[in-house]
Amino acid sequence: MPRPSIAPDRKTIRTSVTLPEDVHSQVQALADSNHVSSAWVIRMAVQRFLDEYRGQLELPLRLSRDKDPIHE
C-alpha cells in the first residue's frame with residue numbers, strides 16, 4: 001500500500017522536533033501499523049491540534065514545563 005503524500009501544490013518546510021523516547025516509539029508503532037511514515041503521523045497530529053484551536057491566540061491550558069506531561 002503506497003504511503004499518502006502531501007498535495008503537490010502545497011509548499012512544505014522541513015522542521016525537526018525532539019520527542020521523548022516513549023512518544024517516539026508510540027508514533028513509530030502507529031505509523032508502522034498503518035503503513036505510513038512517522039512524519040505523516042506527526043503532520044496529522046499537528047494539523048488536528050491547529051484545527052482544534054483555530055483562531056485562538058492562546059491555548060486554554062497553559063502548561064508550564066514542569067507540568068507538561070511530555071516532559072515528565
Side-chain angles (χ1 to χ4, degrees):
M1 171 186 271
R3 291 182 175 186
S5 61
I6 298 172
D9 59 333
R10 292 184 69 184
K11 180 180 178 184
T12 61
I13 298 171
R14 182 176 299 272
T15 191
S16 66
V17 296
T18 303
L19 301 173
E21 187 175 358
D22 64 318
V23 173
H24 178 268
S25 296
Q26 291 175 59
V27 168
Q28 192 61 55
L30 187 59
D32 291 346
S33 68
N34 288 280
H35 308 288
V36 297
S37 67
S38 57
W40 187 89
V41 172
I42 293 168
R43 280 193 300 272
M44 292 300 103
V46 169
Q47 188 60 60
R48 285 186 179 193
F49 183 86
L50 293 174
D51 289 348
E52 184 173 344
Y53 295 104
R54 186 177 313 272
Q56 296 181 36
L57 297 178
E58 291 187 24
L59 298 176
L61 299 174
R62 301 193 94 192
L63 298 174
S64 68
R65 211 178 149 97
D66 57 20
K67 293 181 182 176
D68 184 349
I70 295 293
H71 293 99
E72 286 183 344

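Just so you know, these numbers use all the heavy atoms, side chains as well, and skip hydrogens, waters and symmetry mates.
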Going by the rule side chain to side chain contact (heavy atoms under 4.5 Å, CB included), which residues pair with Tyr53 if we only count those two or more places apart in sequence or in a different chain? Phe49, Gln56, Leu59, Pro60
Looking at side-chain heavy atoms only, is the closest gap between Asn34 and Val41 below 4.5 Å? no
Please name all residues satisfying side-chain hydrogen bond (donor to acceptor under 3.5 Å, both in side chains) with Gln28, sequence neighbours left out, ordered by chain then number. Asp32
Atom pair CG/CD of Leu50 and Glu52 - distance to nearest 0.5 Å: 10.0 Å
Residues passing the side chain to side chain contact (heavy atoms under 4.5 Å, CB included) test with Ala45, sequence neighbours excluded, are none
Check ion pair Arg54-Asp51 (N to O, under 4.0 angstrom): yes
Rounded to the nearest 0.5 Å, what's the gap from CZ on Arg43 to OG1 on Thr12? Could you check? 8.0 Å
Heavy-atom closest pair, residues Ser38 and Ala31: N-CB, 3.7 Å
